[in-house]
Amino acid sequence: MTGDYLEHLNEAQRKAVIHTEGPIMIIAGAGSGKTRVLTYRVAHLLQMGVDSFNILALTFTNKASKSMRERIAKIAGNEARNLWIGTFHAVFAKILRIEGHKLGYPPNFTIYDTDDCKSLMRDILREQNLDDKVYKPSLVLNRISSAKNNLYSYKEYQDNIEFTNDDHLSGKPKIGELFELYVKRCRKSSGMDFDDLLVNMFVLLRDHPDELHKYQHKFKYILVDEFQDTNYAQYMILKRLAAVHENICVVGDDAQSIYAFRGANIQNILSFEKDYPDLNIFKLEQNYRSTKNIVSAANSIIANNKAQIPKEVWTENVVGEKIKLMKALSDNEEGNMVANSIFDDKVNNQMHNLDFAILYRTNAQSRAMEEALRKMNIPYRIYGGLSFYKRKEIKDLLAYFRLVINHHDEEALKRIINVPARAIGKTTIEKITVVAGEKDKSLWEVMEQLSSDHVGLNSGTREKIGEFITMIKSFSVKLKELNAYDLASIIATSSGLLRELYADKTPEGLSRYENIQELLNGIKEFTETGNSITPRNDEEMYDDDPAKRTLDVFMQDIALLTDADEGDDNDNDKVSLMTIHAAKGLEFPHVFVVGLEENLFPSQLSVNSREDLEEERRLFYVAVTRGERKVTISYAASRYRWGNLISCEPSRFVEELDPEYMEEVGGRGSSGRGTRMNENNHGWNNDFSRSKIFNKQTSFNSTPQPVFNPKGHLKKMNSSDIKNFVGEDVSNIQVGMEVEHGRFGIGKVLHLEGKNPDLKATIFFEGIGQKQLLLKFAKLKIIS
DNA sequence: GGAGGCCTCGGAAGG
DNA sequence: CGAGGCCTCC
């Protein structure tokens, strides 16, 4: 690694990279080189002699961790081998496999995916004789998930008057009970759901000081990507891990927070500085991705949000084309207009299919786009369909592997005990489940001791169960003897699974058989090269001992995997179709954002709450900022929805977009409605109205508050709950002035340092003491 | 125990 | 309209 790598960075980026000690927060605008800063920062740490063993980098997606690993390896090479780079879930799963015994988990615990959780909840509801129309499994699970993500145990949930009141009012008083049953049942199966990986990591650090100490000292430098997406549990884990060295660097963009609906707590980003008074904040505001028109248009959209950290994204790029607006009569016409536009661009501007992306709010919108593209013979690819690992046949085979590794895995057992059919039916399983409940055993344990447990099954069934148990055990014996591929093949064959699929000569059956072969090929590759299709840490990747490449190792975090590696088909010149959520982090020369209609985008479920509406607006912001050279937005006057033709109104977001940066195409006259309040919008520090708007949103809480997933209808605790204290412009603040603060009360300014935008004041508050406040965040009023 | 008809419901989606 | 879960009938 050479020293000149810092020259690839602009001033702000370089500062963020070389400021290695102490807590820092990087607010990274769209297209501002965030990934570059993160990877260079790690490279810089290594260059400075930091042991790679002491660095932890956390991401949200496997994709992000994979690309970060690759980019760091490019700069830092072999020095990067012991870095811990991974998703929150993968890293915590890895730690919990080592330390989980302290919490009563075996190292081979199963990770339950959402389908497992749902089916378990269904079983529990059935056993409790509860109506699953009232207690919808997904709703109950959402509520449990929200509670877990906010670190409430089932006991705390049951003792919490607000939760139980809510549940009574909504006619579902048993949720607390279901929570408990669910947790105990997961335990009995030695299973953790995704939330448990966070909860248990937190509990490990909370209840085991030796563990806390160990990992605090291991992870001397912590980096967090997409910090705006963290939830409360993740935040509290980070806080504990970083408590000794406080070398924590978080990177995020509040304007791109689009996952509050699944528990992300935007409060974390606003509260971070309150928890770290000596926090350094860096802003990356120069956009390298898009034209001036696109950047300005995006800025004009996001300016409509009240909750935001002030920043001004700008670019030195060319002005470029204005945002194109297309109006269609129907969803089908919209598709045709998009396809035609792609065709024109290809012919006139020598563009390729892969230069285009069509982004939509809901998956259902892809149909009209697909039809239009097919008609014009434009190849396309849809992202985010049914994942490889969600396919039935794959899940079946994986369930065999799971049961071989962990006999107590109830969901795996129930999935495959009769696949292929071996005459062990529902009634039998029900009887076994009842006994298991009575004796507090796992299903496997009951099945193993059928005679002593008096389950009341006829001898034929008992024999069948005995055969099944013997078969699984015979596989388990070989776990450490055989390599992953050999054992997997034996299981696929001896279980009869492969034979059954082979016998099915329908096209679907054929494709299922091929999928199984593909999975086996993946396992073969793992066995031969040690390269897993699952992301791993380098120390494992470089592990040259093939004897360690056993099936249980392969399976360790397969449940954390959602999509198989994509893009290896030989023809990649295709138009990309995906939801806006899926497009986050990507960029394309020409982006289409379709379906800009009220009740679709913004979704009708969002229009009644300002928080939800602002998230939709951030989503639109994300969509527009994917574009490099050209962005086209469109809406239709009517579209099919669930089989009915409905008429549509243009989205409010179209009007919010500053018409200066937009023009209508398709020849039906301009839509120059709506004037702008904030033209000539300059830097936030000079813009009184904007900083005031922002101030209304700032939280005073030094610890982030739990925020519940709205879907679960738990108590929503967000900015509207926080005392509404309006600050004012304090740019003329002087030492000696008296000021008022929303939470600390009246105080006296003792000292000022830094300059706008990072002016920091030291203020003495009576009865509270000295506080350092960053003026751009603090809500202050000058009294005298 | 399995196939096929019936009913219900519908947001986006990471691990 | 379409997917997925459940129930019924064989």
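Because the structure is predicted, anything quoted here is derived from the model rather than measured. Proteins come first, then strands; the chains are lettered A, B, ... in the order of their sequence lines, and each starts at number 1.
- The ring of Trp642(A) lies on top of the base of dG10(B), close enough and flat enough: under 5.5 Å between centres, under 30° between planes.
- With hydrogens and angles ignored, no donor-acceptor pair under 3.5 angstrom links the side chain of Arg641(A) to the base of dG10(B).
- With no hydrogens or angles considered, no side-chain donor-acceptor pair links Tyr383(A) and Thr579(A) at under 3.5 Å.
- For Thr579(A) and dA13(B), the shortest distance from a side-chain N or O to OP1 or OP2 is below 4.0 Å.
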Assign a letter to each nucleotide of nucleotides 2-10 of chain C from its 5' end: B, base within under 4.0 Å of a protein heavy atom; S, sugar-phosphate only; -, no contact. ---SS----
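- Within the 4.0 angstrom heavy-atom criterion, base atoms lie near Ser603(A).
- Within 4.0 Å of Asn363(A), counting heavy atoms only, lie sugar-phosphate atoms of the nucleic acid but no base atom.
- Two residues, Leu619(A) and Ile424(A), neighbour DNA chain B, and the one matched to the more 5' nucleotide by heavy-atom proximity is Ile424(A).
- Every residue was checked against the side chain to side chain contact (heavy atoms under 4.5 Å, CB included) condition with Ile98(A), not counting sequence neighbours, and none meets it.
- Ala423(A) comes within contact range of the sugar-phosphate backbone alone, with a heavy-atom separation under 4.0 Å but no base atom that close.
- Between Asn231(A) atom CG and dA13(B) atom P there is a gap of 19 Å when expressed in whole angstrom units.
- Contact annotation: side chain of Glu616(A) to base of dG11(B), donor-acceptor pair present below 3.5 Å.
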Salt bridge (Lys or Arg N to Asp or Glu O under 4.0 Å), that's the test. Do Arg402(A) and Glu411(A) meet it? Break it down for me. CA-CA 9 Å; Arg402(A) 279 166 54 173; Glu411(A) 294 311 308; over 6 Å; no
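- Within the 4.0 angstrom heavy-atom criterion, no nucleotide atom of any strand lies near Leu600(A).
- Across the interface with DNA chain B, nearest-nucleotide mapping of Ile258(A) and Asn418(A) shows Asn418(A) to be the residue nearer the 5′ end.
- More than 12 non-hydrogen atoms from other residues, nucleotides or ligands lie less than 6.0 angstrom from CD of Glu467(A).
- Applying the 5.5 angstrom centroid cut-off and the 30 degree plane-angle cut-off, the aromatic ring of Phe261(A) is stacked upon the base of dA12(B).
- For dG4(C) and dA13(B), the P atoms lie 15 Å apart once the distance is rounded to whole Å.
- By the 30° and 60° cut-offs, the orientation of the rings of Phe261(A) relative to His581(A) is perpendicular.
- Summarising the local packing, OH of Tyr513(A) is surrounded by more than 12 heavy atoms from other residues, nucleotides or ligands at distances under 6.0 Å.
- Judged as a side-chain hydrogen bond (donor to acceptor under 3.5 Å, both in side chains), and not counting sequence neighbours, the contacts of Glu410(A) are Arg185(A), Lys414(A).
- One can place OH of Tyr135(A) at 21 Å from C1' of dT8(B), the figure rounded to the nearest angstrom.
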